[in-house]
Amino acid sequence: MKILMIGNGFDLEHGLQTKYTQFLEFVKKYRYAYLSANSVPKKLYDIKDTYLKKIFENPEYEDRVVALHIFTENNVWINHFEQIYKEHLANKENWIDFESEISSVIQAMDGLIKYYEGVETGESKNKSLGMYYKKRLSNIIDYREFKSENIKAYIPNLLCDLNKLIGALEIYIWDYVGNEKLKYYNPDIEKIQPSKVFSFNYSDTYRKLYANNRKEIEYSFAHGMATNNIQFFAGKTDVPKDEIENCIQRNADSNNMVLGIDEYLSEDKRSDEIEFISFKKYYQRIYKKAGNEYKKWLQQIDENVKAGRKEENILYIFGHSLDVTDGDVLREFINHENLKTVIFYRNKEQLGQQIANLVKILKSDTVIEKVYGNNPTIIFQQQSMREEIEGSAFEITSDTMQLENIYRLSHVEAKSLIEKIKSKIEQEDLTYFYSQKAVITLFDVMQKNGLAGLYIIKLLEIARKLMRCDGLQEPEQFDGEYWAYQDYDNSFSCDPLTRKFVNTINLYNKKHFIISETAMQSYDEQLLEYEKLIKSKEKIDKESYIAIINSIFYMFVDKYGDIEKLWNILLRISRGPGEEVAKDVLKELIENSNDELDIIRYNHLLQEIRMNEYFDMQAEEFEKNYEYEQE
């Protein structure tokens, strides 16, 4: 079993704007755009961001405009983060950690509540401690409201604004970041081909870029996944406050994204002090049912080992700092007895950070044993440099995945993608299509979108030209189940049209598989034999004519010769030595063949024979008329 575990560094590696600082910049631009769009007169021209311009100009995107306004207006968390971010920038630190800031606020509130309770009982006498908590909460609570009876009353407001923050972050990840065109891929990730993907991210980047229609991959999102979850806000521009609150709650109930804090209480207090339990990640994971599928994977590994199944089980970690905030999950994976771990690092600086964090999670003795022991189970590997998708062998994979999700593209983007793929097909760009497998995957997606009938012949021709033979001992064959998918009735199978497409290619590969060296050596000799046959004017029987057709069709692979020359020889044989049997043989072959390309070629040859016969008849008629006129 191969498990790929990814953190936010995975999205950043692919050029996506998934940093918290980038989200805050987006909120800032949104607020400015909202003011511009609601000014008199409206200043839509003042909106520079393409996405924001789109949602404010088109009424069909009203739900996004309304939801973002409700989620971000006077949100205490967003306002607090913006203030902290400004302070960081002033100190030349371009970062912010939402979870640590939320934790800081919650612990300060918890401390202030306990301070006030202590004052009432006479136990709290340190006024400076109370002032410390109030200072920490100055961005959250107005200083005039720092009264013991008010602090607990702020908890529901904080939770509501946390849900609104998560709602805004979901729109940002799903719609804003999710619609960014992916420009990069990483060769290491492409090679892994995992059967399971465990993600700490809210995005679905791996599935969109690398899954390549592989439906057998299982996913587990530790912190939930951003989806289209804003249907509650359509048409809610001017509605009563209680209805807006109802929409916010319905959104929070539907949203499964986890954004909270780690447990900070000692074990003896955790069960009793639950005022802030809704802010804690373990509670949110349980409440939102997020990301526990991985436990079944680990159990499956143990069962396979127990049953004696020989399979290498590897965990690949990419784009994760191994921070202690995810220590509970990391320990389960890395300490698993039957699982090896490969940890990718970007540079030496990140490697040092990962080692230090791993020591915090596992303790130094355990790390040393797992890295340097007799049977090491942790390997650190420097990741490959990312590469641009455009112009690479990965380009068709990216385009195919976009085509599968074309409903998420704008009209212009969708038309551009279709025109690009259409152009590549018309040009028979073999560098772009890269392999028969890539062609089959594209066809599978096209037939699901109703486009297969338009391009089936062209794609078959491209697949045939991509037939591999050099260095192979057997013809390449494909299993249609690779393209199986879950249908609406829960059946799991390959589409019949795709299966037929696969079978046609498999049949072609079997029929036309030849060792290139032998073909090159015999090519010229064979053509010389055919030239001698044509000049001899000997007649050949049906079996000999069919053998010659098959022999020349074998030579139609581009690298074996001049296609026009081969057609010329075939026509001359059909009009000469094979004249008596050619047309009947071709009609019979057309009727009985299951190979579309062969049918096309038989038809073409038959039409060429008939056309040449017609021209000969016309020439004879012309000569007769000419001789008659001369008399």
Side-chain angles (χ1 to χ4, degrees), residues 181-185 187 189-191 193 204-217 387-409 413-468 475-487 493-509 512 557-558 595-597 600:
K181 183 179 179 180
L182 291 162
K183 298 179 181 179
Y184 304 98
Y185 79 102
I189 299 298
E190 184 191 12
K191 291 174 186 173
Q193 296 284 297
D204 197 16
T205 308
Y206 181 86
R207 183 165 12 209
K208 287 195 289 187
L209 188 59
Y210 296 99
N212 204 17
N213 208 32
R214 290 172 56 214
K215 304 298 183 182
E216 78 278 7
I217 300 176
E387 297 179 13
E388 289 191 13
I389 293 172
E390 188 172 350
S392 71
F394 193 75
E395 185 175 6
I396 186 174
T397 301
S398 175
D399 289 345
T400 301
M401 293 303 295
Q402 283 193 70
L403 183 63
E404 186 169 30
N405 296 283
I406 197 167
Y407 61 89
R408 296 197 64 188
L409 303 181
E413 290 170 331
K415 290 290 288 184
S416 176
L417 176 64
I418 291 171
E419 287 301 317
K420 175 186 177 182
I421 294 174
K422 181 180 176 181
S423 174
K424 296 292 186 182
I425 293 173
E426 293 294 333
Q427 295 168 13
E428 294 189 357
D429 189 338
L430 301 187
T431 302
Y432 172 79
F433 287 102
Y434 186 67
S435 69
Q436 287 183 330
K437 190 174 184 179
V439 175
I440 296 170
T441 302
L442 176 63
F443 174 81
D444 184 52
V445 172
M446 293 185 89
Q447 64 86 7
K448 288 173 186 173
N449 287 327
L451 301 176
L454 299 175
Y455 302 106
I456 185 169
I457 300 300
K458 280 281 189 180
L459 288 173
L460 276 173
E461 178 65 21
I462 291 167
R464 284 162 176 146
K465 288 185 176 182
L466 289 167
M467 185 190 78
R468 293 177 60 223
E476 192 165 19
Q477 298 289 283
F478 300 98
D479 183 358
E481 289 306 307
Y482 178 87
W483 291 273
Y485 67 99
Q486 194 87 22
D487 210 344
S493 62
C494 177
D495 183 270
L497 194 57
T498 299
R499 187 177 293 280
K500 185 177 180 181
F501 190 85
V502 171
N503 290 342
T504 301
I505 292 173
N506 285 341
L507 182 65
Y508 180 86
N509 287 352
H512 294 263
V557 179
D558 284 353
D595 188 302
E596 290 93 336
L597 183 56
I600 292 171

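Fair warning: this is a prediction, and the values are worked out from it, not measured in the lab.
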Taking C-beta and beyond as the side chain, do [X] and [Y] meet within less than 4.5 Å on heavy atoms?
X: N503; Y: R499; answer: yes
X: L209; Y: M401; answer: no
X: I217; Y: R207; answer: no
X: Y482; Y: K437; answer: yes
X: Y210; Y: T397; answer: no
X: L459; Y: F501; answer: yes

Expected output: side-chain [X] to main-chain [Y] donor-acceptor under 3.5 Å:
X: Q193; Y: E190; result: yes
X: N506; Y: F478; result: yes
X: D495; Y: L497; result: yes
X: N405; Y: K208; result: no

Quiz item: Distance from Q436 atom CD to I462 atom CD1, nearest 0.5 Å?
Solution: 11.5 Å
Quiz prompt | E388-S392 side chain donor-acceptor pair, cut-off 3.5 Å | solution =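 No, S392 and E388 have no side-chain donor paired with an acceptor closer than 3.5 Å.
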Practice problem: Classify the side-chain pair Q447/D444 by whether it contains a donor and acceptor separated by less than 3.5 Å. | Solution: yes
Quiz prompt | Contacts of Y185 that satisfy ring pair (Phe, Tyr, Trp, His ring centres under 6.0 Å) - sequence neighbours left out | solution =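 Result, ring pair (Phe, Tyr, Trp, His ring centres under 6.0 Å) vs Y185: F394.
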Practice problem: Quick one: do E395 and K420 satisfy salt bridge (Lys or Arg N to Asp or Glu O under 4.0 Å)? Show the steps, please. | Solution: CA-CA 11 Å; E395 185 175 6; K420 175 186 177 182; 2.5 Å; yes
Exercise. List the steps and the verdict of side-chain contact (heavy atoms from CB on, under 4.5 Å) for F433 and E428.
Key: CA-CA 8 Å; F433 287 102; E428 294 189 357; over 6 Å; no
